[in-house]
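Let me begin by presenting the structure, written as structure tokens, before commenting on it.
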Amino acid sequence: MWLKRIIPATVAITACTAVALWAARDDGTDYPYIPYDHPVIDYDKRAPQDPIARLQEKLLRGDVELEFDSKEGYLPSLFKQLDINADSQMLVFSKTSFQGPKISPRSPRALYFNDNVAIGFVPNGDVMEFTALDPNQGIIFYTMERKKAEKPSFFRRGLECLNCHILANTQNVPGLLATSVIPRPDGSPRFAASALVVDSRTPLDQRWGGWYVTGLSGGLQHRGNSVSPNPDRPSELALRNNQNVTSLESRFDVSNYMLPTSDLVALMTLEHQNRMTSYFTRINWEARIAEQEGKMTEFEPRLDFLTDEMVAYMLFENEARMYDPMSGVSTFAKTFPARGPRDKKGRSLRDFDLQTRVFRYPLSYMIYNPAFDAMPGIAKDQVYRKLFDKLTSPVPEKDARLSNEDRQAILEILADTKPGLPDYWKTK
């Protein structure tokens with residue numbers, strides 16, 4: 001049974017922003033809606049197996065307790081339990097969350113993340129927001145009350161989140177979005193139906209509308225730290241003094257946040273990660289449905305398309321060009337690579353470049369994620385084969401995006417650090 005998408009008008013306007021696609025292809029056509037109540041999926045009924053669900057079980061058993069801080073509430077304790085670093089903090093001031101009325105340039109929403117969990121925190125909000133990646137089911141949504149409780153617990157959210165998080169731009173599976181908008185001075189989008197969904201392919205000068213951005217980006221003129229002050233010229237942002245910002249102290253009370261930064265490098269990392277998780281979920285769901293319905297033969301051309309798209313994204317084939325070196329101002333660019341793993345030569349897919357591209361070795365670090373390993377074998381085998389073929393095929397001299405040196409380094413890093421590689425990888 002194919003579920004109908006019912007989105008109340010008030011929710012569509014206030015809880016999320018409609019999206020405009022930046023991509024060479026049309027996600028609405030290439031990734032049609034999947035029934036999340038399909039018997040092999042049962043998204044809203046199957047018990048989740050994600051980090052938040054596991055933490056909830058520990059809380060119920062009494063194995064762990066969350067400590068309440070008088071200033072930051074449960075946030076520091078949650079960082080410890082979920083292995084999230086405060087230096088991943090990003091601040092968004094556009095009213096593009098269900099807590100939109102409490103968000104503004106004077107009171108931005110803070111986001112923190114690792115490979116599997118993201119936390120949304122509004123200083124005057126009623127709840128904290130959580131997303132967690134289930135290897136088979138995709139992104140699961142939760143909230144937790146901000147106030148101190150005898151037994152703090154997570155509440156799984158449903159349609160109120162899926163209305164904005166199952167869209168063409170998430171490949172029509174439960175996923176995450178980072179959008180760039182033209183915000184009014186109060187943070188509300190001037191054009192509610194034209195937010196740009198950002199991933200690693202989006203041109204850098206079109207990113208970060210509605211976000212605070214701290215870091216150095218040379219001559220790049222991005223949309224961060226800016227609002228559209230003139231209703232007669234609604235598409236024009238006030239960009240003066242809003243580039244290469246290293247301090248936010250003059251813009252709002254930074255003492256309400258864990259850090260006074262909204263790190264540029266963290267933003268670019270999360271933007272890549274968001275679409276990557278959607279690829280995992282999309283291929284997982286489609287392959288499971290085809291197998292359950294006995295249609296694997298008919299599915300082969302579709303699987304070939306899906307794995308082609310995923311491999312191209314994993315290798316950053318259409319990554320936005322970086323014309324000047326970039327850097328953040330928090331410690332994120334050091335702590336993120338420290339997560340590893342590292343090969344015998346000390347190299348990691350998490351190492352940043354930030355001179356001409358985001359990562360030093362252009363293959364997504366998300367290949368280590370449990371959601372990659374959870375893909376059905378037929379899909380994972382295709383991804384491995386296509387990655388191997390691209391990394392071992394001759395490279396045209398004009399192709400500076402992935403040099404022979406890059407390809408050899410990636411092959412060696414994976415051989416040392418990725419369990420489960422097919423045998424033919426080890427002979428190269």
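We number each residue from 1, following the sequence as shown.
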Is the centre of the [X] ring less than 6.0 Å from the centre of the [Y] ring?
| X | Y | value |
| --- | --- | --- |
| H272 | Y313 | yes |
| F93 | F252 | no |
| F352 | F336 | yes |

N/O donor-acceptor pair under 3.5 Å between [X] side chain and [Y] backbone:
| X | Y | answer |
| --- | --- | --- |
| Q243 | H222 | yes |
| W285 | N136 | yes |
| S364 | M314 | no |

Would you please test W425 and F388 for ring pair (Phe, Tyr, Trp, His ring centres under 6.0 Å) and show each step?
CA-CA 7 Å; W425 280 72; F388 184 79; 5.4 Å; yes

Plane angle bin for Y74 and F68 - parallel if under 30°, tilted between 30 and 60°, otherwise perpendicular:
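Answer is perpendicular, since the angle exceeds 60°.
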
Mind checking whether F280 and F372 have parallel, tilted or perpendicular rings, split at 30° and 60°?
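Because their plane-to-plane angle is over 60°, the rings of F280 and F372 count as perpendicular.
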
Assess whether a salt bridge exists between D351 and R342, defined as any Lys/Arg side-chain N lying under 4.0 Å from an Asp/Glu carboxylate O.
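Between R342 and D351 there is a salt bridge, with a charged N closer than 4.0 Å to a carboxylate O.
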
I'd like to know if D115 and R350 make a salt bridge, using a cut-off of under 4.0 Å between side-chain N and carboxylate O.
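The answer is yes: the pair qualifies as a salt bridge.
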
Would you please test E319 and R201 for side-chain contact (heavy atoms from CB on, under 4.5 Å) and show each step?
CA-CA 4 Å; E319 181 182 17; R201 306 165 300 171; over 6 Å; no

Under the ring pair (Phe, Tyr, Trp, His ring centres under 6.0 Å) test, which residues partner F141, sequence neighbours left out?
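Expected list: H165.
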
Any side-chain donor-acceptor pair under 3.5 Å between S188 and K95?
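Distance-only check fails for S188 and K95.
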
Please assess W208 against S180 for the test side-chain contact (heavy atoms from CB on, under 4.5 Å), listing each intermediate value before the final yes or no.
CA-CA 5 Å; W208 310 320; S180 180; 5.5 Å; no

About how many Å separate CE of M144 and CG of L78, when rounded to the nearest 0.5 Å?
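L78 CG to M144 CE: 5.5 Å, rounded to 0.5 Å.
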
If you measure from CG on L421 to CG on L414, what distance do you get to the nearest 0.5 Å?
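These two atoms lie 6.0 Å from each other.
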
Sole residue of E293, E291, E298 in salt bridge (Lys or Arg N to Asp or Glu O under 4.0 Å) with K295:
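Answer to the salt bridge (Lys or Arg N to Asp or Glu O under 4.0 Å) test with K295 among E293, E291, E298: E293.
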
I would like to know whether M322 and Q355 meet side-chain contact (heavy atoms from CB on, under 4.5 Å); could you show each step before the answer?
CA-CA 7 Å; M322 187 180 295; Q355 302 299 304; 6.0 Å; no

So, is the end of the R339 side chain (NZ or CZ) under 6.0 Å from the ring centre of F332 and within 45° of the ring's axis?
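Geometry flag: not set, cation outside 6.0 Å or 45°.
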
Within 45 degrees of the ring normal and closer than 6.0 Å to the centroid, is that where the cationic atom of R385 sits relative to Y424?
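Yes, a cation-pi geometry.
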
Positive for side chain to side chain contact (heavy atoms under 4.5 Å, CB included) with Y31, one of L167, L306, V173, T170:
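For Y31, the side chain to side chain contact (heavy atoms under 4.5 Å, CB included) test succeeds with only one of L167, L306, V173, T170, which is L306.
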
Check L363 against L387 and note the closest heavy-atom contact, atom names and distance.
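Where L363 meets L387 most closely, the heavy atoms are CD1-CD2, 3.8 Å.
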
Walk me through whether D308 and Q382 qualify under side-chain contact (heavy atoms from CB on, under 4.5 Å).
CA-CA 9 Å; D308 276 350; Q382 274 205 24; over 6 Å; no

